[in-house]
Enquirer: 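Following this message is one structure expressed as structure tokens.
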Amino acid sequence: LATYKQVTTQPPNLDIIQPTLVMAVCVSIASAFIAFPIANYMARYASPRAKAFFYVGVLLPMWTSYLVKVYAWRLILAKQGVLSWFLESVGLQGVLDTVLQTPGIGGPSLASSYLGMFIVFVYMWLPYMILPLAAALERVPNTLVQAASDLGAKPGQVFRTVTLPLALPGLAAGSIFTFSLTLGDYIIPSVVGAPGYFIGMMVYQQQGTAGNIPLAAAFSVVAIVLI
């Protein structure tokens, strides 16, 4: 019990829990916003051949090594990386420099900032949001959408009153994936991102190099409770 008190009351430990929770929520929200139009097109508008192409496109990155993808993103987001070169070539490097100077978000480069970590997290877990959403949207009857339109509903109203409520199970399933995977990950924050600890990193370090098994266990219970 003393260990749980240490985790939940000491400021250094709370400074680990809060950023992890905020990052997990932000990644889940961003993944939902990006995934919904993609999944909606896959489920309702794409031809069978195009749908197969989309599914392969979504699944293909999942067949690549996790570590290879993380280190590739570190190179892309580095100070002299591909993204920096592209932004400089289109005249947007100043915008990036301004963002990187924002406290709590930026850092010396995208590869050493919370923004860069956020980008990598969204890329990594986006397929886990798209697939459940596409499966849920495929089960939305077209007759309901047509009926809403026939009764005078505008496209926005159809989305809010018919499509979104029926797609909520898929959205919930995808959010569980993105939230829990972000909350427990320790490799991405170790390779990409600002200095500091996330819950997954703390569990890994305390049960490994530090040898503090009780503290590692307490942090893992915090993650379980949040999930």
Side-chain angles (χ1 to χ4, degrees), residues 13-39 54 57-79 81-84 86-87 95-96 99-134 170-206 219-220 222-227:
N13 293 328
L14 293 176
D15 289 342
I16 293 170
I17 296 171
Q18 183 182 359
T20 309
L21 182 59
V22 170
M23 180 66 74
V25 171
C26 290
V27 168
S28 298
I29 293 172
S31 298
F33 271 100
I34 297 172
F36 212 104
I38 298 172
F54 268 98
V58 170
L59 290 170
L60 198 60
M62 299 173 69
W63 301 342
T64 310
S65 167
Y66 175 88
L67 283 173
V68 168
K69 289 186 289 185
V70 173
Y71 278 100
W73 269 104
R74 180 174 177 81
L75 292 174
I76 292 170
L77 300 176
K79 200 162 189 177
V82 175
L83 185 60
S84 178
F86 173 76
L87 292 175
V95 177
L96 177 61
V99 172
L100 292 177
Q101 293 171 5
T102 306
I105 297 177
S109 68
L110 267 178
S112 302
S113 67
Y114 283 110
L115 178 59
M117 191 192 305
F118 169 78
I119 292 171
V120 179
F121 270 131
V122 171
Y123 169 81
M124 286 292 190
W125 312 142
L126 190 59
Y128 296 93
M129 180 68 79
I130 293 176
L131 296 176
L133 264 178
L171 189 62
S175 298
I176 290 171
F177 280 121
T178 56
F179 183 85
S180 60
L181 289 169
T182 303
L183 205 67
D185 193 277
Y186 67 93
I187 295 177
I188 292 175
S190 301
V191 178
V192 180
Y197 287 99
F198 272 31
I199 291 177
M201 297 169 65
M202 200 64 177
V203 173
Y204 176 75
Q205 187 191 57
Q206 293 300 322
F219 267 106
S220 66
V222 169
I224 292 169
V225 169
L226 290 175
I227 291 169

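What you see is a predicted model; the values in this text were computed from it and never measured. For this chain, numbers begin at 1 and follow the sequence in order.
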Enquirer: Measuring from atom NZ of K69 to atom OG of S65, what distance do you get when rounded to the nearest 0.5 angstrom?
Expert: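 So the gap between those two atoms works out to 8.0 Å.
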
Enquirer: Given the rule in the side chain to side chain contact (heavy atoms under 4.5 Å, CB included) test, do L110 and L115 qualify, once you have shown the distances and angles that lead to the verdict?
Expert: CA-CA 7 Å; L110 267 178; L115 178 59; 3.7 Å; yes

Enquirer: Nearest 0.5 angstrom please: L226 CG to S180 OG, how far?
Expert: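 It is 11.5 Å, given to the nearest 0.5 Å.
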
Enquirer: Could I get the full list of side-chain hydrogen bond (donor to acceptor under 3.5 Å, both in side chains) partners for Y71, not counting sequence neighbours?
Expert: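 With sequence neighbours excluded, Y71 shows a side-chain hydrogen bond (donor to acceptor under 3.5 Å, both in side chains) to no residue whatsoever.
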
Enquirer: If every non-hydrogen atom of A35 is compared with every non-hydrogen atom of M129, which pair is closest and at what distance?
Expert: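 For A35 and M129, the tightest heavy-atom pair comes out as CB-CG, 3.4 Å.
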
Enquirer: Please check if the number of heavy atoms outside Y66 that lie under 6.0 Å from its OH is greater than 12.
Expert: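 More than 12 heavy atoms, drawn from other residues, nucleotides or ligands, come within 6.0 Å of this atom.
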
Enquirer: Suppose we screen for side-chain contact (heavy atoms from CB on, under 4.5 Å). Which residues come up paired with S84, at least two apart in sequence or across chains?
Expert: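 S84 satisfies side-chain contact (heavy atoms from CB on, under 4.5 Å) with Q93 only.
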
Enquirer: Who are the side-chain contact (heavy atoms from CB on, under 4.5 Å) partners of I76, not counting sequence neighbours?
Expert: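 With sequence neighbours excluded, I76 shows a side-chain contact (heavy atoms from CB on, under 4.5 Å) to W73, L83, given in chain and number order.
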
Enquirer: Output a table of donor-acceptor pairs, distance under 3.5 Å, between side-chain atoms of residues 170-178 and any protein atom two or more places apart or on a different chain; print 'none' if there are none.
Expert:
{"unit_1": "S175", "atom_1": "OG", "unit_2": "L171", "atom_2": "O", "d": "2.8"}
{"unit_1": "T178", "atom_1": "OG1", "unit_2": "S28", "atom_2": "OG", "d": "3.0"}
{"unit_1": "T178", "atom_1": "OG1", "unit_2": "G174", "atom_2": "O", "d": "3.2"}
{"unit_1": "T178", "atom_1": "OG1", "unit_2": "S175", "atom_2": "O", "d": "3.2"}

Enquirer: Before you tell me yes or no, could you show the steps for F219 and I16 under side chain to side chain contact (heavy atoms under 4.5 Å, CB included), namely the whole-Å CA-CA distance, both residues' side-chain angles and the distance that decides it to 0.1 Å?
Expert: CA-CA 10 Å; F219 267 106; I16 293 170; 4.1 Å; yes

Enquirer: Quick one: side-chain contact (heavy atoms from CB on, under 4.5 Å) partners of A24, sequence neighbours excluded?
Expert: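 Partners of A24 by the side-chain contact (heavy atoms from CB on, under 4.5 Å) criterion, ordered by chain and then number, come out as F179, T182, L183.
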
Enquirer: Check residues 186-202 and write down every donor-acceptor pair under 3.5 Å in which the side-chain atom is one partner and the other belongs to a residue at least two apart or another chain.
Expert:
{"unit_1": "S190", "atom_1": "OG", "unit_2": "Y186", "atom_2": "O", "d": "2.5"}
{"unit_1": "Y197", "atom_1": "OH", "unit_2": "Q205", "atom_2": "NE2", "d": "2.9"}

Enquirer: Does a sphere of radius 6.0 Å around CZ in F118 hold more than 12 heavy atoms from other residues, nucleotides or ligands, not counting ones at 6.0 Å or beyond?
Expert: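 Yes, because the 6.0 Å sphere around CZ of F118 holds more than 12 heavy atoms from other groups.
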
Enquirer: Applying side-chain contact (heavy atoms from CB on, under 4.5 Å), name anything that partners L59, two or more places apart in sequence or on another chain.
Expert: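 By the side-chain contact (heavy atoms from CB on, under 4.5 Å) rule, L59 matches M62, W63, L131.
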
Enquirer: If you measure from CE on M124 to CG on L181, what distance do you get to the nearest 0.5 Å?
Expert: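 That separation rounds to 11.0 Å.
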
Enquirer: I'd like to check P19 versus V22 (side-chain heavy atoms, cut-off strictly below 4.5 Å). Are they in contact?
Expert: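 No, every pair of side-chain atoms sits at 4.5 Å or beyond.
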
Enquirer: What's the spacing between M117 CE and R74 CZ if we round to 0.5 Å?
Expert: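 Nearest 0.5 Å value for the CE-CZ distance: 11.0 Å.
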
Enquirer: Can you confirm whether Y123 sits close enough to P61 that some side-chain heavy atom of one is under 4.5 Å from a side-chain heavy atom of the other?
Expert: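 Sidechains of P61 and Y123: in contact.
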
